[in-house]
Amino acid sequence: MLAIVIYVAVVAVGEVIAFGLGVLVDRMVPDAWSMIIYMAMFFGVIWGAWPIAVYITERWLMRTSEQPPHGRRIQ
């Protein structure tokens, strides 16, 4: 469940960045290039956000919960 929440957050941040770059390209080149670039980034963010969410969940969040309390050994 935690990985899905992180995935949604990473996608939201990525889509805001993709939208901003699409608007920036649209102001520089008023042809249809902004839509092509935005759509490529849109699908790229959806595809690339899952490995990022899994990495964040495994490396930072799951490692801290697996450690035993201070001074106690797991037998």
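Please read these numbers as outputs of a predicted model, since none were measured by experiment. Numbers here are sequence positions counted from 1.
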Kindly compute the distance separating CD1 (Ile6) from CD1 (Ile56), expressed to the nearest 0.5 Å.
6.0 Å
For Ala3 against Ala53, the heavy-atom pair lying closest together:
O-CB, 3.8 Å
For residues 7-27, the ring pair (Phe, Tyr, Trp, His ring centres under 6.0 Å) pairs (sequence neighbours left out) are Tyr7-Trp50
Residue list, side chain to side chain contact (heavy atoms under 4.5 Å, CB included) with Met39, at least two apart or on another chain
Met35, Phe43
Could you give the distance from OG (Ser34) to CG (Leu21), rounded to the nearest 0.5 Å?
11.5 Å
Listed partners of Tyr55 passing side chain to side chain contact (heavy atoms under 4.5 Å, CB included), at least two apart
Arg59
Path from Leu2 to Val10 over hydrophobic side-chain contacts below 4.5 Å:
yes
Closest contact, heavy atoms only, Ala49 versus Val11
CB-CG2, 3.5 Å
Partner residues of Val16 under the side chain to side chain contact (heavy atoms under 4.5 Å, CB included) criterion, sequence neighbours left out
none
Contacts of Ile37 that satisfy side chain to side chain contact (heavy atoms under 4.5 Å, CB included) - sequence neighbours left out
Val25, Met41
Membership question, hydrophobic clusters at under 4.5 Å side-chain separation (ILVMFWY): are Val5 and Val54 in the same one?
no
